[in-house]
Enquirer: 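If you scroll down you'll find the structure; I have some questions about it.
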There are 2 protein chains.
Amino acid sequence: MAARARPKTRAAAGSPRRAPSPRAARKPATVAHIVGVLRARIARQDIPPGAKLREADLAGEFGVARARIRDSLAALEQRGLVERIPNRGAVVTRLDLSQVFHIYELREVLEGLCARLATERTPPERWRRELELFQGPMKDLIARNELDPYIERYEALRRALIEAAGNPVLAEMLDTIYEKTQVLIRRILILPGRAEIGRQQHVAMLEAMIRGKADLAEQRRREGLKSARAHLEKFQKYIL
Amino acid sequence: MAARARPKTRAAAGSPRRAPSPRAARKPATVAHIVGVLRARIARQDIPPGAKLREADLAGEFGVARARIRDSLAALEQRGLVERIPNRGAVVTRLDLSQVFHIYELREVLEGLCARLATERTPPERWRRELELFQGPMKDLIARNELDPYIERYEALRRALIEAAGNPVLAEMLDTIYEKTQVLIRRILILPGRAEIGRQQHVAMLEAMIRGKADLAEQRRREGLKSARAHLEKFQKYIL
DNA sequence: TGTCGCAGAAGTGTCAACACTTTTGTCGAC
DNA sequence: GTCGACAAAAGTGTTGACACTTCTGCGACA
């Protein structure tokens, strides 16, 4: 309880040490916010792999002290999005081919698990809309090569599955590895025939989910990713 | 340039910031080192869940500036071993039951993958020593309730499998989730019959590996963890 | 003309002091 | 005697300055 009516002492005379900045009191951007912005930039390749991130620049841009930028870079390093070399700064990680395959091995089992859990923990009807989407409109999008709307809906399904799986630790892991390969999505989808194959596999998985066959859904998701990996292997020279 | 005749403060009182210590200049403990020490303490419950970690104390103990301790705590927070509450400090995470089950769901597929990859990427003979160990000596250790040697060898096998799987991303993930449940190992092994069942399941997995049956090894590892989870569910009130 | 060395610049790493928040202990009013 | 307010203490958050390392450009020498 405590209620305590906090003393409130501190009216403090509105002269914070920071530049007054009359309008837009501009709260000073948390580490979480900075990390989010930089993640997005790296994913969209606004900052290309190999580029250097200079602390002073970022501090200026976000209007925070360098220390906070350092914290943010440390967080990005933990996630594997940048590498830091002592006294030389932070560099956007350049993902090499072997790491991509390692990640696909993981996605295979993790997204398989995700499909199984989502099936077990959600009423089957939940997935009918998604199935219809992938059977109809998505097919057209692929045929007409409209990648962006396709990707958007694909990611929506992905998020829905993770949410339905109801396992935060799994969600965190999928997030971590997904953001590393996000840059590849477009390049993979252009591979001859890949998008349509992927769509069919999603349909197969969703059908299993609607029939309540959790293990089958897992198996089909795994097969889907396995075949994606095979495609990647075949065309690797065009990807990286 | 700056010239600036630096206030010079520091020569004062012959106390350079580091203890003089003529030889053995005691390098000042890197973040990695501090994180390692704290990880170990948390795993062994030298620092119990819920305990507060005070920055100044740690800074004094390791002989480093508080900033470095803060970096270390941030790293531990990322790994989920401590929680930090603004202005109130870092507290060792208290793992709740639901998270434990979520982690076991993950271990099931991740260690399954690990077993499969290890089988595919290593000559079968590699595992014969381990099999004999688990068939013979380990059985005795369990019968005589010598937990510590048993755990030591169990972890050695675990490390060998991860190493053999040759997937660094997987290794990193297993590490992350394993250290969170490490504190439970002893409590689980005491459960009636659990240790012996686990041993038999390891034997079954190793046999599959020696026969080169990667998928079978994966399946058996998954079954092993599934049954461990079931055990945990049954006796959860004695564990947490 | 090419190369090596050496200052200066630029950028990261570290630190100690200061600012702010929460907690704790004490005193007075009811 | 209990509750509530206040002040001091303890601890965390933030900042700017300083130290150190690496990179870059210039000039001397072979």
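Naming: A, B, ... by sequence-line order, numbering from 1 per chain. All values below were derived from every heavy atom in this structure, side-chain atoms included, with hydrogens, water molecules and symmetry-related copies excluded.
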Enquirer: What integer distance in Å separates Ile85(B):CD1 from dT21(C):C1'?
Expert: 13 Å

Enquirer: Can you confirm whether the side chains of Arg126(A) and Thr119(A) place a donor and an acceptor under 3.5 Å from each other?
Expert: no

Enquirer: Quick one: is dT15(D) close enough that its OP1 or OP2 comes under 4.0 Å of any side-chain N or O from Arg66(A)?
Expert: no

Enquirer: Among dT12(C), dC15(C), dT12(D), which nucleotide sits nearest the side chain of Glu55(A)?
Expert: dT12(C)

Enquirer: Take atom CG of Asp71(A) and atom C1' of dT15(D), then tell me their distance rounded to the nearest Å.
Expert: 13 Å

Enquirer: For the pair made of CG in Asp57(A) and P in dA10(C), what is the distance, rounded to whole Å?
Expert: 12 Å

Enquirer: Is there a side-chain polar atom (N or O) of Arg70(B) under 4.0 Å from OP1 or OP2 of dG13(D)?
Expert: yes

Enquirer: Taking all atoms of both residues into account, what is the closest heavy-atom pair of Ala165(A) and Arg121(A), and its distance?
Expert: O-NH1, 2.8 Å

Enquirer: For Leu73(B), report the nucleic acid contact type (base, sugar-phosphate, nothing); a contact means any heavy atom under 4.0 Å.
Expert: nothing

Enquirer: With the side chain of Ala67(A) defined as its heavy atoms from C-beta on, choose the nearest nucleotide among dC15(C), dT15(D), dT12(D).
Expert: dT15(D)

Enquirer: List the residues meeting salt bridge (Lys or Arg N to Asp or Glu O under 4.0 Å) with Arg39(B), not counting sequence neighbours, and say none if there are none.
Expert: Asp175(B), Glu179(B)

Enquirer: Side chain of Asn87(B), heavy atoms from C-beta onward: which of dT21(C), dG11(C), dC15(C) has the nearest atom to it?
Expert: dT21(C)

Enquirer: Report yes or no: is the cationic atom of Arg158(B) (NZ for Lys, CZ for Arg) closer than 6.0 Å to the six-membered ring centre of Tyr178(B), at no more than 45° off its axis?
Expert: yes

Enquirer: With DNA chain D as reference, determine whether Arg68(A) or Pro86(A) sits nearer its 5' end, using the nearest nucleotide of each.
Expert: Arg68(A)

Enquirer: What is the distance, to the nearest angstrom, from the CZ atom on Arg84(B) to the C1' atom on dT21(C)?
Expert: 15 Å

Enquirer: Output yes when at least one side-chain N/O atom of Arg88(B) is less than 4.0 Å from OP1 or OP2 of dG11(D), else no.
Expert: no

Enquirer: When the distance from CD1 of Ile34(B) to P of dT14(C) is rounded to whole Å, what number comes out?
Expert: 10 Å

Enquirer: Give a yes or no on this: more than 12 heavy atoms of other residues, nucleotides or ligands lie within 6.0 Å of atom CD of Gln45(A).
Expert: yes

Enquirer: So Ile69(A), base contact, sugar-phosphate only, or nothing? Heavy-atom distance under 4.0 Å.
Expert: nothing

